[in-house]
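Below is one structure, written out as structure tokens; the observations come after it.
Quantities reported herein were computed from a predicted structural model and do not represent experimental measurements. Below, chains carry the letters A, B, ... as their sequence lines are ordered, and counting in each starts from 1.
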There are 2 protein chains.
Amino acid sequence: MSSKSPLYRKVAGDLRTAIAAGEYGSGARLPAEDELARRYGVSRGTVRQALAALRADGLVTSRRGARRVVLGGAARLQSFAELRSFSRWARSLGEEPGGRTVAVDPARATEEEAHHLQVAEGARVFRVRRVRTLSGAPVMVERTTYPERIGELVAALPVDAVSHSEQLELHGVLFTDAHHTIDVLPADPDDAELLGCPPGRALLRERRRSTDPAGTPVEWSEDRYLPGTVAFTVHNSTATSALGRRLGED
Amino acid sequence: MSSKSPLYRKVAGDLRTAIAAGEYGSGARLPAEDELARRYGVSRGTVRQALAALRADGLVTSRRGARRVVLGGAARLQSFAELRSFSRWARSLGEEPGGRTVAVDPARATEEEAHHLQVAEGARVFRVRRVRTLSGAPVMVERTTYPERIGELVAALPVDAVSHSEQLELHGVLFTDAHHTIDVLPADPDDAELLGCPPGRALLRERRRSTDPAGTPVEWSEDRYLPGTVAFTVHNSTATSALGRRLGED
DNA sequence: AGCTCCAAGTTGTACGGACAACTGTTGTAC
DNA sequence: GTACAACAGTTGTCCGTACAACTTGGAGCT
């Protein structure tokens with residue numbers, strides 16, 4: 001096993017599995033930071049770093065003066081990677097993800113695309129449309145716009161490649177931050193045909209802008225899901241915020 | 001002004017306003033941690049704590065070896081309070097929130113309610129149904145179940161109280177963590193009448209379970225929004241995760 | 001029993017130092 | 001010029017200490 005993973009991650013992982021295994025049931029109090037530090041042979045700061053991760057995931061509460069308490073409810077997941085990649089998410093649930101590329105078009109960036117990808121209006125981009133399936137049944141239409149450099153890599157992939165993002169990672173393209181907007185909109189005729197539903201049917205829409213570690217946009221995507229197939233979940237707290245609500249349109 | 005706010009918050013706030021004011025435009029590099037520490041007269045650890053908050057809000061990237069970069073895109077907000085309270089959110093956007101309580105019913109907890117509120121099945125709870133408006137127009141139906149202790153406080157509020165949560169805070173009821181699930185469902189006849197839309201119309205649904213600092217559930221709510229009135233936004237990154245995707249139903 | 005008050009336990013904030021890992025730039029060699 | 005190597009700059013990880021702020025439970029009193 002590689003020892004390249006930092007200490008606090010190991011501690012966090014340990015605590016996660018301990019909680020998942022029921023060692024600390026819902027409502028139970030975790031050991032004190034000092035106790036954990038002794039037990040793992042690390043400093044209190046390192047333990048706090050681990051616990052901060054659990055807190056951000058909504059696994060435990062924490063407040064001054066009292067021990068941490070395990071929050072009941074949904075078992076959390078390694079949410080980022082699974083949110084970003086449809087394939088990874090599906091596999092982690094034991095579902096069989098599939099994908100069929102419908103179109104790959106070189107194009108000139110519209111104003112909206114230029115804005116989100118931070119390129120000049122009219123710059124070369126690639127538009128990719130795909131149908132995503134779970135166990136063979138179509139559940140989502142994905143329309144992604146890539147900047148030129150990345151789009152060229154995507155265009156070279158086989159039509160039936162299951163996971164584009166995993167392929168891109170192999171080529172050194174990293175996704176580290178993403179901003180999502182979730183709302184509802186009616187299926188247009190294209191959506192309807194690809195998903196096999198009547199046009200006008202309400203779909204759950206997720207728009208996503210992903211950036212790499214340097215802050216450079218690497219994709220701008222609009223995913224439309226058939227209702228009933230997925231739900232989005234978020235945890236937030238006064239300590240770690242992330243989610244917002246917005247008026248329609250932008 | 002109270003000096004009770006911790007140092008790192010002041011630093012974070014300062015940086016937030018500096019970014020909002022355009023001092024560091026989209027893509028600009030922030031000063032190094034050491035530089036900021038000198039500038040504010042605090043230790044590097046304190047600066048890092050402030051920057052971690054900005055990172056969690058999706059304002060800046062960060063990676064080893066390079067300076068932090070300001071992420072372009074949506075100006076972030078203090079999201080937790082605004083997500084938890086419809087009234088606060090609306091006011092922060094300059095809209096006029098309204099609310100009309102349709103029903104307050106003492107009841108016995110169903111299995112689902114008992115589960116989410118962590119009380120015994122059949123325990124006393126209060127079900128509250130309200131219509132929420134923006135500038136007079138109805139946009140959302142809210143069905144909240146409270147445990148007995150809190151429900152009694154809510155039942156005592158006037159029917160036209162705008163913000164229940166702010167009233168509850170005055171009574172010492174604190175909300176610090178919330179878990180949200182977002183999906184789509186068709187309006188039932190009640191929704192349709194309250195919102196003034198045809199039955200069957202697709203609504204954006206947000207289910208929410210909120211807990212207090214001790215981890216005790218304080219509300220279980222299901223909010224149904226007219227399409228086009230709101231969108232939910234999330235930022236996540238490899239460092240700070242929060243959002244997930246789920247299969248339909250639960 | 002119920003109440004107040006105190007002490008121990010626990011987390012939050014802040015400081016300091018040290019080294020590891022990585023990036024971007026500069027300069028050198030070919 | 002181009003490729004490689006060295007270097008300074010920067011963030012990530014980890015340690016240790018100290019004190020402040022808060023919660024909890026128990027002792028003692030009424």
- Query: In terms of side-chain heavy atoms of B/Pro6, which of D/dG12, D/dC14, C/dA14 is nearest?
  - Reply: C/dA14

- Under a 4.5 Å cut-off applied to non-hydrogen side-chain atoms, are A/Leu157 and A/His164 in contact? yes

- Task: Nearest whole angstrom, please: distance from the C1' of C/dT10 to the CZ of A/Arg29.
- Result: 10 Å

- Would you kindly give the CG-to-C1' distance between A/Leu30 and C/dT11, to the nearest whole Å? 13 Å

- Query: Starting at the 5' end of DNA chain D and moving along, which residue's nearest nucleotide shows up first, B/Ala214 or A/Gln49?
  - Reply: A/Gln49

Anything under 3.5 Å between a protein N or O and an N or O of nucleotides 3-9 of chain C, put it in a table, one pair a line.
| from | atom 1 | to | atom 2 | distance (Å) |
| --- | --- | --- | --- | --- |
| C/dG9 | N2 | A/Gly65 | O | 3.0 |

- Task: Scan B/Arg44 against the nucleic acid and name what it touches under 4.0 Å (heavy atoms): base, sugar-phosphate only, or nothing.
- Result: base

- Query: Going by an N to O cut-off under 4.0 Å, is there a salt bridge joining B/Arg127 and B/Glu142?
  - Reply: no

- To the nearest angstrom, how far is A/Glu33 atom CD from C/dT10 atom P? 10 Å

- Message: Any base atoms under 4.0 Å from B/Thr46, or only sugar-phosphate, or nothing? Heavy atoms, all strands.
- Response: sugar-phosphate

- Message: Any carboxylate oxygen within less than 4.0 angstrom of a Lys/Arg side-chain nitrogen, looking at B/Arg207 and B/Asp223?
- Response: no

- Rounded to the Å, how far apart are B/Lys10 NZ and C/dT13 C1'? 14 Å

- Between A/His116 and A/Trp220, what is the ring plane arrangement, given parallel below 30°, perpendicular above 60°, and tilted in between? parallel

- Exercise: do A/Asp57 and A/His235 side chains pair donor with acceptor under 3.5 Å: no

- Task: Please give the nucleotide sitting opposite C/dC30 as a Watson-Crick or G-U wobble pair, both distances under 3.5 Å, or none.
- Result: D/dG1

- Task: Ignoring backbone atoms, test whether A/Arg63 places a side-chain nitrogen or oxygen under 4.0 Å from the OP1 or OP2 oxygen of D/dT24.
- Result: yes

- Item | Separation of D/dA20 P from B/Arg9 CZ (nearest whole Å) | 20 Å

- In whole angstroms, the gap separating P of C/dT23 from CZ of B/Arg68 amounts to 15 Å

- Message: Does C/dT10 have its OP1 or OP2 closer than 4.0 Å to a side-chain nitrogen or oxygen of A/Arg48?
- Response: no

- Would you mind telling me which residue lines up with the more 5' stretch of DNA chain C, A/Asp34 or B/Tyr8, judged by nearest nucleotide? A/Asp34

- Sub-4.5 Å side-chain heavy-atom contact between B/Val125 and B/Leu117: yes

- Can you list the residues that meet the side chain to side chain contact (heavy atoms under 4.5 Å, CB included) rule with A/Arg38, with sequence neighbours excluded? A/Glu35

